[in-house]
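One structure below.
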Amino acid sequence: MSDDKSKRGVDSRFVSGSEEYEVEYLMKKHGISKAEALAAIKAAGPGREKIEAYLAAKKV
C-alpha cells in the first residue's frame, strides 16, 4: 500500500479492459455485451468520460 495520499482517486477516472469488474460495470450500466464494452474502451481510450460519451453517442 502506498503512503502517498496524494495519489488517491486517480484510478477512478480510467477503465481497464483487463479488469473484469470494470468491464462488467460498463456492461450493466449501458446494457451492452462484453464485446461492445471492450470495443468502446479500445475506440475511446481508457478515460471513463470519453467512454461514457462514446457509448452515449452510439446509442443515438
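Position 1 is the first residue of the sequence, and the numbers go up from there. Source: prediction; values computed, not measured.
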Inset, instruction - Indicate the atoms forming the closest heavy-atom contact of Ala40 with Leu55, along with that distance. - result: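 Closest heavy-atom pair between Ala40 and Leu55: CB-CD2, 3.7 Å.
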Inset, instruction - Write down the atom of Val23, the atom of Gly17, and the distance for their closest heavy-atom approach. - result: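 Of all heavy-atom pairs spanning Val23 and Gly17, the closest is CG2-O, 3.6 Å.
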Acceptor/donor pairs from residues 44-51 side chains to any protein atom, 3.5 angstrom cut, sequence neighbours excluded:
from: Arg48; atom 1: NE; to: Ser12; atom 2: O; distance (Å): 2.9
from: Arg48; atom 1: NH2; to: Phe14; atom 2: O; distance (Å): 3.3

Inset, instruction - Find out whether Leu26 and Glu52 are in side-chain contact, i.e. whether some heavy atom of one side chain is under 4.5 Å from a heavy atom of the other. - result: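 Contact flag for Leu26/Glu52 side chains = yes.
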Legend entry - Test item: Glu22 side-chain N/O and Ser16 main-chain N/O as donor-acceptor pair under 3.5 Å: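 Confirmed, Glu22 side chain pairs with Ser16 backbone.
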Legend entry - Residue pairs involving residues 32-43 (criterion side chain to side chain donor-acceptor pair (under 3.5 Å); sequence neighbours excluded):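 Only Glu20-Lys34, Ser33-Glu36 qualify under side chain to side chain donor-acceptor pair (under 3.5 Å).
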